[in-house]
Structures are given as structure tokens and as C-alpha cells.
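When reading the values below, keep in mind they use all heavy atoms of this one structure, side chains included, and skip hydrogens, waters and symmetry mates.
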Amino acid sequence: MRTISLIAIEGIPMVKAGDDLAALIADRLDATGLRLEPGDILVVCQKVVSKAEDRVVNLKDFEPSEFARNYARRWEKDPRAIEIVLRQTNRIVRNDRAVLIVETGPGWVCANAGVDESNSLEDDRAILLPEDPDASARRLRDQIRRRLDVAVAVLITDTFGRPWRDGLTEVCLGIAGMNPMLDLRGTTDLGGRELHHTVVAIADEIASAAGLLMEKAGAIPAVVVRGYKFEPFEGSARVLIRPAEADLFR
């Protein structure tokens with residue numbers, strides 16, 4: 001029987017700038033008696049990574065541009081928050097009906113450049129995405145290995161919307177130790193027909209599964225996924241971004 005289990009790491013304290021996230025996770029694992037095993041996948045939400053890396057900004061420090069003021073006035077938004085989004089933006093993809101869809105520096109296309117004021121726990125604070133989520137995942141993977149002497153893969157996730165689909169889901173922003181893609185091309189289906197196009201965004205599927213335990217107000221920022229046999233890999237979650245030449249909607 002094949003099984004995959006999801007195990008929440010409970011009791012991790014509220015993360016602050018400069019905190020050693022690997023130490024906080026390792027301490028809670030020790031306190032709960034949970035032992036990481038080789039081949040486990042540690043899934044960590046972006047917010048605690050951003051907080052530990054001091055990616056929290058004060059809205060009062062930002063002087064809105066004319067564009068930000070006009071946009072905020074039209075849609076009844078905070079112009080300072082709009083200015084923060086614009087400064088994280090390479091390209092505005094869509095701007096309509098109070099929704100600002102942009103492309104961030106690393107290439108993620110998302111609402112408001114991933115800037116989020118929820119769970120900042122302070123007024124006039126906004127949380128930015130990590131500057132380099134892949135590097136963040138690698139650091140956390142290496143620190144966990146040094147502390148606990150076990151090799152695991154690490155995924156950093158965030159909540160995104162999706163074109164043509166309502167509702168939000170977790171996606172992988174940063175990865176270390178496993179291939180974010182499962183390439184099934186060259187294999188066969190049940191009828192023996194060769195697959196030519198099937199490449200599964202397995203990192204996003206794992207992120208969404210872990211998200212079942214990462215409720216918005218649940219204070220569970222990390223989940224262990226056990227039982228999925230992944231391909232060891234040193235790469236980047238950016239391969240999940242559809243390249244411009246293959247994007248029919250760009």
C-alpha cells in the first residue's frame with residue numbers, strides 16, 4: 001500500500017526579524033518527538049521566511065507616486081500599499097476592477113506582487129516575498145542538515161490565485177533538494193500510448209497538500225511531507241514559470 005502523510009509542526013513561536021528559523025523548527029521537532037527522516041520534504045510558508053529575513057516594511061516609510069495616489073483614489077486603496085507593490089514590480093500584467101496583477105523581479109505573476117498585510121501582527125506593516133526564495137530554501141535545507149544530520153528537501157510556499165479558476169491555492173516559490181517538475185514524457189499511459197506533453201508541477205501539488213494543514217490563522221508555518229519518492233535535484237522553482245515564448249497570454 002502506497003501512502004503519503006502530512007505532519008504539522010506545531011508550536012513554532014511567532015517569528016521575528018533575525019530569528020534562526022532552522023533552530024525554531026528543530027526545537028519544536030525535538031519537543032514533540034518528531035524525527036525527520038531521509039527523503040522527507042519540509043514545507044515552510046513564505047511569511048515566516050520573510051519575517052526571519054526582515055522582509056517586513058513600514059507603510060509610513062513610503063511616499064506614494066502619482067500613479068499610486070491615482071490608483072488608490074479610484075479603487076479606495078491605501079496609496080502607500082500600492083507604492084510598495086509597484087516597487088516590487090517589473091511589469092503590470094493587468095490592472096482592472098481594483099485588482100493589480102504584476103510580474104515580480106523573479107518572474108512570479110501574482111496579485112499585488114505578493115505583498116501582504118495579513119499576519120504581520122502590527123498596524124502599517126506589510127510582508128514582502130523573500131528576495132530569492134530558492135536561496136532561502138537552500139539555506140534552510142543546509143541548516144537543518146547540519147543541526148539534525150538528515151537530508152531533506154525544502155519547499156517554500158505562498159498562496160496564489162489562478163487564471164480561470166476561483167479560490168486560492170498554495171504554490172512553490174523556492175525549492176532545494178528535489179526536482180519541482182515530474183516529467184512523464186516518454187512513459188506510457190494505461191493503454192500503452194506514449195506520453196508526449198505531460199509534465200507535472202509536482203512541487204505545486206506538494207505545496208497545496210501541505211496547505212491543508214497551514215490554515216490562515218492556525219499558526220502552523222511548517223509541515224513535513226513523508227512518503228513521496230522525489231527526484232533529488234539541485235535547481236530552482238523558477239522552472240515552474242512558463243517562459244515568455246510559450247505564454248500565449250503575455
Item to check | Pairwise distance CG(D158) to CD1(I127) - rounded to 0.5 angstrom | outcome: 10.0 Å
Checklist entry - Should K51 and V56 count as side-chain neighbours, where that means a heavy-atom distance under 4.5 Å? => result yes
Checklist entry - Got a salt bridge between R141 and E234, using NZ or NE/NH1/NH2 to carboxylate O under 4.0 Å? => result yes
Checklist entry - Does atom CZ of R162 have more than 12 heavy-atom neighbours, drawn from other residues, nucleotides or ligands, at distances under 6.0 Å? => result yes
Item to check | Heavy-atom donor-acceptor pair, N58 side chain to K60 backbone, under 3.5 Å | outcome: yes
Checklist entry - Given the rule in the side-chain contact (heavy atoms from CB on, under 4.5 Å) test, do I144 and L36 qualify, once you have shown the distances and angles that lead to the verdict? => result CA-CA 10 Å; I144 288 291; L36 291 180; 3.8 Å; yes
Next on the checklist: Any side-chain to backbone donor/acceptor pair from T159 onto T169? Under 3.5 Å, distance only.
Outcome noted: no
Next on the checklist: Strictly distance-based, threshold 3.5 Å: is any side-chain N or O of N112 a donor or acceptor partner for the main-chain N or O of V115?
Outcome noted: no
Checklist entry - Are the charged groups of K47 and D116 less than 4.0 angstrom apart, N to O? => result yes
Checklist entry - With a 4.0 Å cut-off, would you call R242 and D247 a salt bridge? => result no
Checklist outcome for this item: Minimal heavy-atom distance between P180 and L240, with the atoms involved, is O-CD2, 4.1 Å
Checklist entry - When rounded to the nearest 0.5 angstrom, what distance separates CZ in R87 from OG in S65? => result 8.0 Å
Checklist outcome for this item: Contacts of D78 meeting salt bridge (Lys or Arg N to Asp or Glu O under 4.0 Å) (sequence neighbours excluded), chain-then-number -> R80
Checklist entry - Counting only N and O atoms by type, is there a donor-acceptor contact under 3.5 Å from the side chain of D204 to the main-chain atoms of C172? => result yes
Item to check | E37 and R35, any side-chain heavy atoms less than 4.5 Å apart | outcome: no
Checklist entry - Going through the checks in order, is the side-chain contact (heavy atoms from CB on, under 4.5 Å) test met by L100 and V85? => result CA-CA 9 Å; L100 193 58; V85 170; 3.8 Å; yes
Checklist entry - Do D142 and R139 meet the salt-bridge criterion of a basic N to acidic O distance under 4.0 Å? => result no
Checklist outcome for this item: Taken to the nearest 0.5 Å, the spacing of D27 CG from D20 CG works out to 8.5 Å
Next on the checklist: Quick check: is V43 connected to L6 through a chain of hydrophobic side chains (ILVMFWY, heavy atoms under 4.5 Å apart)?
Outcome noted: yes
Checklist entry - Are any non-hydrogen side-chain atoms of L155 and M178 less than 4.5 angstrom apart? => result yes
Item to check | Evaluation steps, side-chain contact (heavy atoms from CB on, under 4.5 Å), between R185 and V199 | outcome: CA-CA 7 Å; R185 292 173 295 184; V199 181; 3.6 Å; yes
Checklist entry - Can you pull the side-chain hydrogen bond (donor to acceptor under 3.5 Å, both in side chains) pairs that have at least one residue in residues 100-110, sequence neighbours excluded? => result R91-E103, E103-R250
Checklist entry - If you round to the nearest 0.5 Å, how far is CG of D132 from OG of S236? => result 7.5 Å
Checklist entry - Are any side-chain N or O atoms of R28 and backbone N or O atoms of E10, one a donor and one an acceptor, separated by less than 3.5 Å? => result yes
Checklist entry - Heavy atoms, side chains only, cut-off 4.5 Å: are L86 and I92 in contact? => result yes
Checklist entry - Do E170 and S208 get their side chains close enough for a donor-acceptor pair, meaning under 3.5 Å? => result no
Next on the checklist: Any side-chain to backbone donor/acceptor pair from N179 onto F233? Under 3.5 Å, distance only.
Outcome noted: no
Checklist entry - Does D149 have any salt bridge (Lys or Arg N to Asp or Glu O under 4.0 Å) partners at least two apart in sequence or in another chain, and if so, which? => result none
Item to check | Main-chain N/O of L129 paired to R55 side chain as donor or acceptor, under 3.5 Å | outcome: yes
Checklist entry - How many angstroms lie between atom CG of L140 and atom CG of L42, to the nearest 0.5 angstrom? => result 5.5 Å
Next on the checklist: Closer than 3.5 angstrom, by distance alone: can the side chain of T32 be matched with the main-chain N or O of L29 as a donor-acceptor pair?
Outcome noted: yes
Checklist entry - Yes or no on side-chain contact (heavy atoms from CB on, under 4.5 Å) for F160 and L173, after CA distance, side-chain angles and deciding distance? => result CA-CA 10 Å; F160 274 28; L173 291 186; 3.8 Å; yes
Next on the checklist: If we ignore hydrogens and angles and just use 3.5 Å, is the side chain of N70 paired with the main-chain N or O of F67 as donor and acceptor?
Outcome noted: no
